[in-house]
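Counting convention: from 1, in listed order, for ligands and their atoms alike.
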Amino acid sequence: MQKISIDIQKTGGFISLDEVKKQAGNVLACQQKLHDKSGAGNDFLGWMELPEAITSEELKTIKATADRLSEQSDVVVVTGIGGSYLGARAVIDALSNSFDFLMADRKRPVVLYAGQNIGEDYSHELLELLKDKSFSVVVISKSGTTTEPAIAFRLLKELLEKKHGANEVKNRIVAITDESKGALRTLADREGYQTYVIPDDVGGRFSVLTPVGLLPIAVAGFDIEKLVEGARDMVKATAPDVSFEDNPAAVYAAARNLLYQSGKKTEILVNYHPKLHFLAEWWKQLYGESEGKENKGIFPAAVDFTTDLHSMGQWIQEGERTIFETVISVENSNHTVKVPSDKDDLDSLNYIAGKRVDEVNKMAELGTLVAHVDGGVPNIRISVPQLNEYFLGQLIFFFEKACGISGYVLGVNPFDQPGVEAYKKNMFALLGKPGFEKETEEIRKKL
Ligand SMILES: O=P(O)(O)OC[C@H]1O[C@](O)(CO)[C@@H](O)[C@@H]1O
């Protein structure tokens with residue numbers, strides 16, 4: 001099996017590589033807690049079994065729904081926030097043509113996103129655009145009560161009803177939510193929407209390999225079987241019988257925790273392909289919500305290189321030395337473009353004429369690696385052979401598994417997110433939500 005791999009050699013000047021190896025016992029014990037279901041948050045470990053549990057029948061059903069939505073729509077609006085949209089967007093963006101939205105001769109609908117913000121202009125512009133389009137909505141909320149997607153869904157449903165009448169609307173909405181509870185489940189059952197279930201034991205940020213991610217990814221025309229196959233192979237590559245050195249999730253969890261203990265408090269996920277921007281957004285939620293608690297946890301940040309070398313490069317090279325980088329390095333591009341020769345050579349680029357653009361990108365990557373390590377920034381490198389469904393499936397499961405292990409190494413429950421409630425409570429109090437009268441009074445005193 002060809003697989004993604006991890007290289008921690010360039011952390012060696014900052015933490016001892018022997019020390020990383022010495023973590024094997026503790027890290028594998030933390031991994032075992034995931035497998036035994038004996039650690040904190042053990043009722044949210046369903047994601048561990050997803051790749052192997054999902055059947056080809058289930059995948060076929062998801063594909064059939066995706067094809068139906070695709071046939072009837074120019075646009076499919078994926079409506080959700082956090083774990084209820086980031087995984088889908090990460091994979092769709094990573095696999096799509098960068099100029100997909102301008103492609104005239106399309107086989108699949110354009111996938112747009114709603115409910116991931118409360119920007120009024122965003123809402124207005126989306127609704128204006130959709131007025132003249134044939135569109136469907138995939139509304140995703142595990143709790144079924146999250147404010148942002150609930151507002152967006154109200155607006156989209158109202159527009160669908162105006163355009164098509166209440167009867168047709170139910171063919172244009174698919175709801176992905178809890179099996180039995182929450183406002184979205186109640187509405188979906190009442191209106192007769194097609195639904196998919198987010199299992200109780202799978203938290204939002206670990207749900208990309210459920211219909212939450214798989215349906216939108218299939219709508220966009222990508223191969224969800226290959227995605228799951230990649231994840232399945234990563235389940236094997238990180239299984240309890242694999243040695244510490246051969247288990248990339250264990251090595252990643254060990255190295256990043258040692259770096260954290262040595263004072264490197266921020267991890268910057270680096271990519272050299274703009275298509276991976278949203279993979280980093282997905283990763284930020286995964287690690288941020290899982291580890292940032294009890295006043296500890298690595299701060300997960302991200303940059304797109306070489307773009308951000310011209311904005312954040314200065315800080316990374318010479319700013320406060322509390323950071324380390326984890327680079328997602330894609331070994332092979334999917335297309336070939338060569339730098340042309342120019343007879344005048346005014347830009348002095350002829351020395352690279354004939355070279356592939358990817359070779360230039362790779363040298364930028366290598367040059368940056370050496371510069372940043374020299375500048376005091378440890379570097380972890382995750383090699384991905386190619387950007388396709390199979391390796392993205394591997395990468396997703398790799399990061400999820402490492403996250404579970406890493407949270408236990410840090411000593412927190414990686415599967416809850418109590419801190420997210422604070423802003424919600426204040427927002428409800430400020431909006432005057434019934435039942436929040438006491439909070440309204442309290443917060444007003446603080447303003
Ligand atoms: O799917 P839901 O319940 O709408 O939640 C969306 C997101 O909101 C959070 O619960 C945080 O409020 C995330 O953990 C989650 O991914």
Side-chain angles (χ1 to χ4, degrees), residues 40-41 43-47 50 77-92 113-119 123 137-157 173-188 193 195-217 278-293 297 300 396 399-400 403-404 407 412-431 433 436 439:
D43 43 352
F44 281 100
L45 290 172
W47 57 272
L50 286 174
V77 188
V78 173
T79 305
I81 195 165
S84 289
Y85 105 103
L86 282 168
R89 189 161 192 180
V91 175
I92 292 170
Y113 302 90
Q116 84 283 31
N117 65 64
I118 333 179
S123 306
V137 176
V138 177
V139 55
I140 310 171
S141 177
K142 183 168 191 228
S143 63
T145 51
T146 305
T147 308
E148 291 90 338
I151 293 173
F153 183 57
R154 260 198 194 202
L155 293 166
L156 292 166
K157 183 165 148 294
I173 295 174
V174 177
I176 308 179
T177 189
D178 186 87
E179 187 167 19
S180 56
K181 44 183 197 302
L184 183 57
R185 165 55 60 190
T186 308
L187 181 74
Y193 302 153
T195 61
Y196 284 94
V197 170
I198 310 175
D200 267 354
D201 58 357
V202 178
R205 60 187 175 275
F206 288 88
S207 69
V208 53
L209 298 171
T210 72
V212 170
L214 298 177
L215 180 60
I217 292 165
F278 267 91
L279 188 90
E281 294 301 308
W282 169 81
W283 172 89
K284 275 157 64 179
Q285 185 199 3
L286 183 65
Y287 281 79
E289 275 192 355
S290 300
E291 295 194 315
K293 48 198 70 156
I396 285 168
F399 275 133
E400 289 180 345
C403 184
V412 298
N413 173 358
F415 304 112
D416 65 1
Q417 57 285 329
V420 189
E421 298 311 310
Y423 101 89
K424 292 185 190 170
K425 197 182 82 187
N426 286 350
M427 175 175 72
F428 295 149
L430 291 166
L431 286 168
K433 186 171 177 172
F436 282 76
E439 286 84 351

Novice: Ligand 1 versus Val420, non-hydrogen atoms closer than 4.0 Å: side chain, backbone, both, neither?
Specialist: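 Answer for Val420: side chain.
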
Novice: Judged by modelled atom types alone, do Arg185 and Ser180 share a side-chain donor-acceptor pair under 3.5 Å?
Specialist: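 No, because no side-chain N or O of Arg185 sits under 3.5 Å from a partner of the opposite role on Ser180.
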
Novice: Run the numbers for me: atoms of ligand 1, each under 4.0 Å from some heavy atom of Gly82, listed by number.
Specialist: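 Result: 16 (O).
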
Novice: Mind checking whether Trp47 and Phe415 have parallel, tilted or perpendicular rings, split at 30° and 60°?
Specialist: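 Tilted: the ring planes of Trp47 and Phe415 meet at 30° to 60°.
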
Novice: For Ser84, counting its heavy atoms only, list the atoms of ligand 1 lying under 4.0 Å from any of them.
Specialist: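 Answer, ordered by atom number: 1 (O), 2 (P).
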
Novice: So, is Gly83 polar-close to ligand 1, with some N/O to N/O distance under 3.5 Å?
Specialist: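 N/O-N/O distance below 3.5 Å exists for this pair.
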
Novice: When you measure from atom 9 (C) of ligand 1 to every protein heavy atom, which one gives the shortest distance, and what is it?
Specialist: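 Ranked first by proximity to atom 9 (C) of ligand 1 is Glu289 OE2, 4.1 Å.
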
Novice: Which one holds for Glu421 and ligand 1: side chain close, backbone close, both close, or neither close, with close meaning a heavy atom under 4.0 Å?
Specialist: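 Answer for Glu421: neither.
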
Novice: Under 4.0 Å from a heavy atom of Lys424: which atoms of ligand 1 are those, numbered in the order shown and with their elements?
Specialist: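 This gives 11 (C), 12 (O) as the contact atoms.
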
Novice: Report the nearest protein non-hydrogen atom to atom 7 (C) of ligand 1: residue, atom name, distance rounded to 0.1 Å.
Specialist: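 It is Ile81 O, 3.5 Å.
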
Novice: With heavy-atom distances below 4.5 Å as the criterion, would you say the side chains of Ile140 and Pro216 are in contact?
Specialist: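 Yes, at least one pair of side-chain atoms sits under 4.5 Å.
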
Novice: Using a 3.5 Å cut-off on N or O atoms only, is Gln417 in polar contact with ligand 1?
Specialist: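 The answer is no, given that Gln417 and ligand 1 share no N or O pair closer than 3.5 Å.
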
Novice: Answer yes or no: does an N/O atom from Arg205 fall short of 3.5 Å to an N/O atom of ligand 1?
Specialist: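 Not met; the criterion fails.
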
Novice: What's the shortest distance from atom 5 (O) of ligand 1 to any protein heavy atom, and which residue and atom give it?
Specialist: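 Here the nearest protein heavy atom works out to Thr146 OG1, 3.5 Å.
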
Novice: If you measure from the Lys or Arg side-chain nitrogens to the Asp or Glu carboxylate oxygens, is any gap between Asp200 and Lys142 under 4.0 Å?
Specialist: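 No salt bridge links Asp200 with Lys142.
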
